[in-house]
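Convention: sequence-line order gives letters A, B, ...; per-chain numbering from 1.
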2 protein chains.
Amino acid sequence: MLYIIGLGLCDETDITVKGLNAIKSCERVYLESYTSMLMISREKLEEFYNKKLILADREMVESQSDEILLNADVINVAFLVVGDPFGATTHTDLVIRARELNISITIIHNSSIMNAIGECGLQLYNFGRTISIPFFTDIWKPDSFYDKIKENKSLELHTLCLLDIKVKEQSNENLARGRKIYEPPRFMTVNQAIQQLFEIEEIHKKQVITPESLAIGISRLGSTTDQQIKVGTLTQLSNQDFGPPLHSLIIIAFLLVPLIDLRQSQVLAFLW
Amino acid sequence: MLYIIGLGLCDETDITVKGLNAIKSCERVYLESYTSMLMISREKLEEFYNKKLILADREMVESQSDEILLNADVINVAFLVVGDPFGATTHTDLVIRARELNISITIIHNSSIMNAIGECGLQLYNFGRTISIPFFTDIWKPDSFYDKIKENKSLELHTLCLLDIKVKEQSNENLARGRKIYEPPRFMTVNQAIQQLFEIEEIHKKQVITPESLAIGISRLGSTTDQQIKVGTLTQLSNQDFGPPLHSLIIIAFLLVPLIDLRQSQVLAFLW
């Protein structure tokens with residue numbers, strides 16, 4: 001049996017009891033390590049599960065999935081995913097390959113940014129499509145998200161912006177030379193996302209993003225101790241320090257009531 | 001401390017370890033019992049938590065929230081919600097009231113229909129706004145969802161339709177006479193939802209819903225044993241038996257690849 005198990009958003013105790021029981025039955029346990037991250041170390045997880053974790057990077061998942069699936073028709077194997085297995089990143093390819101090999105699959109869900117974001121006080125019903133904002137380079141500034149924010153706003157829908165994560169990426173030079181040397185991990189901050197939004201607005205000039213656009217900056221969603229949810233104009237938020245990753249951003253379409261601070265331990269600043 | 005804890009979608013083991021630990025620290029534990037349901041009995045939950053559960057119906061949550069919050073500034077109280085606390089139904093009012101009373105709040109997230117739906121194989125990025133389809137009566141057929149499906153389709157976005165649940169509702173007669181006699185619970189089936197969609201199409205005739213519209217019927221999402229995910233035209237799905245509640249429906253905007261059966265234990269019928 002292949003178990004694909006969501007770990008939730010913050011720490012080792014965010015796994016479900018069902019997921020934990022499944023892990024305990026597994027001979028091999030893989031941790032997907034390139035699309036998101038928990039706020040604790042791998043060692044902490046290993047101690048909690050009392051299992052050795054095998055880190056599964058993009059290369060392993062995309063090119064060596066048969067290694068992950070080896071013997072999973074006769075033994076139990078777990079593939080752990082931060083958040084939910086079918087949330088922001090899906091692992092459909094692994095599922096399809098497992099089916100081709102006649103391996104049974106059990107999905108164990110958990111919270112992901114896609115639903116936990118409701119904690120900011122805006123109703124999930126009032127969100128349009130979710131977008132991703134990738135890191136710009138000097139020569140590559142993909143901006144298809146701009147029109148999607150525009151569409152959402154025209155329908156009075158909020159936009160959840162997922163911010164880029166670069167883990168175990170090669171520089172162009174190392175890639176060209178075939179050297180498996182990896183850059184340090186990078187996580188886009190709310191501040192960087194806002195700068196990129198301003199940059200794209202400068203090009204398209206459709207008044208989708210303005211310095212006065214209302215938005216919510218979020219960091220470490222799901223942490224009961226140091227999550228931050230701050231609301232303000234993009235200009236105001238661009239000057240705030242949201243601390244360590246992961247960060248997300250919501251472009252607000254409308255505001256019916258003043259947003260509320262849903263948790264006393266978090267800093268929800270009413271900036272305007 | 002007030003803990004607001006998501007229970008996930010299926011059974012007692014879908015709670016997170018964090019949520020379970022929190023419950024064990026609580027003197028009173030409320031189970032929100034009117035917007036959704038697990039697939040197991042209250043007794044099973046009580047046995048698993050080793051705690052007595054207090055059922056919180058709409059009246060209690062909306063009119064007697066101070067009873068729920070009593071002494072929560074000095075003791076721990078848990079309020080359990082099927083799915084995620086800020087998923088399909090939010091409990092913002094309870095949060096606001098708790099804050100007025102200076103009660104600390106901790107939110108413990110879980111999966112909800114809003115993200116677990118990704119298991120059907122369609123990417124969450126390609127969903128537009130989520131809609132609710134309420135039970136029609138002879139004289140009340142609200143249809144604002146129709147234009148929202150139309151908007152989503154025009155942007156090539158799928159629509160997740162949450163189907164109505166009526167728990168502890170009074171008949172008009174009993175309501176008028178002030179008699180607290182409640183109707184048996186009702187849960188809208190995929191089949192009923194499709195009939196209502198056809199009914200509304202008959203009125204508006206904008207070709208949003210046709211007998212050939214592709215859709216996915218889902219029942220008991222999150223169950224590892226008897227979840228169903230079936231894809232087909234609305235006409236085909238309208239003749240399928242999806243079994244016990246809860247049911248949901250997705251109106252598909254486009255289909256890039258054939259949908260896949262993500263779990264061998266489920267019946268994903270390729271009907272066309």
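- Side-chain contact between K18(B) and D11(A): present, with at least one pair of heavy atoms (C-beta onward) separated by less than 4.5 Å.
- Heavy-atom pairs under 4.5 Å with chain A peak, among A116(B), G6(B), G8(B), G19(B), at A116(B).
- Here the closest heavy-atom approach between residue E151(A) and residue L155(B) is recorded as CD-CD2, 3.4 Å.
- With a threshold of 4.5 angstrom between heavy atoms, L20(A) approaches chain B through side-chain atoms but not through N, CA, C or O.
- The 12-atom threshold is exceeded at CD of E62(A), counting heavy atoms of other residues, nucleotides or ligands nearer than 6.0 Å.
- Residue contact with chain B, scored on non-hydrogen atoms closer than 4.5 Å, involves the side chain of F48(A) exclusively.
- The distance from the CG atom of L162(A) to the CG atom of L124(B) is 10.0 Å, given to the nearest 0.5 Å.
- In terms of heavy-atom pairs under 4.5 Å with chain A, the best-connected choice from N115(B), I4(B), T130(B) is N115(B).
- Between D14(B) and V17(A), the closest side-chain pair of non-hydrogen atoms is not below 4.5 Å.
- Atoms OH and NZ, on Y125(A) and K148(B) in that order, are 10.0 Å from each other to the nearest 0.5 Å.
- Atom CD1 in I117(B) sits 11.0 Å away from atom CG in D84(A) (nearest 0.5 Å).
- Shown here for T106(B) and T224(A), the closest heavy-atom pair between the two residues is CG2-CG2, 3.5 Å.
- With a 4.5 Å cut-off on non-hydrogen atoms, L157(A) touches chain B through its side chain but not through its backbone.
- Note: H109(A) NE2 to S112(B) OG = 10.5 Å, rounded to the nearest 0.5 Å.
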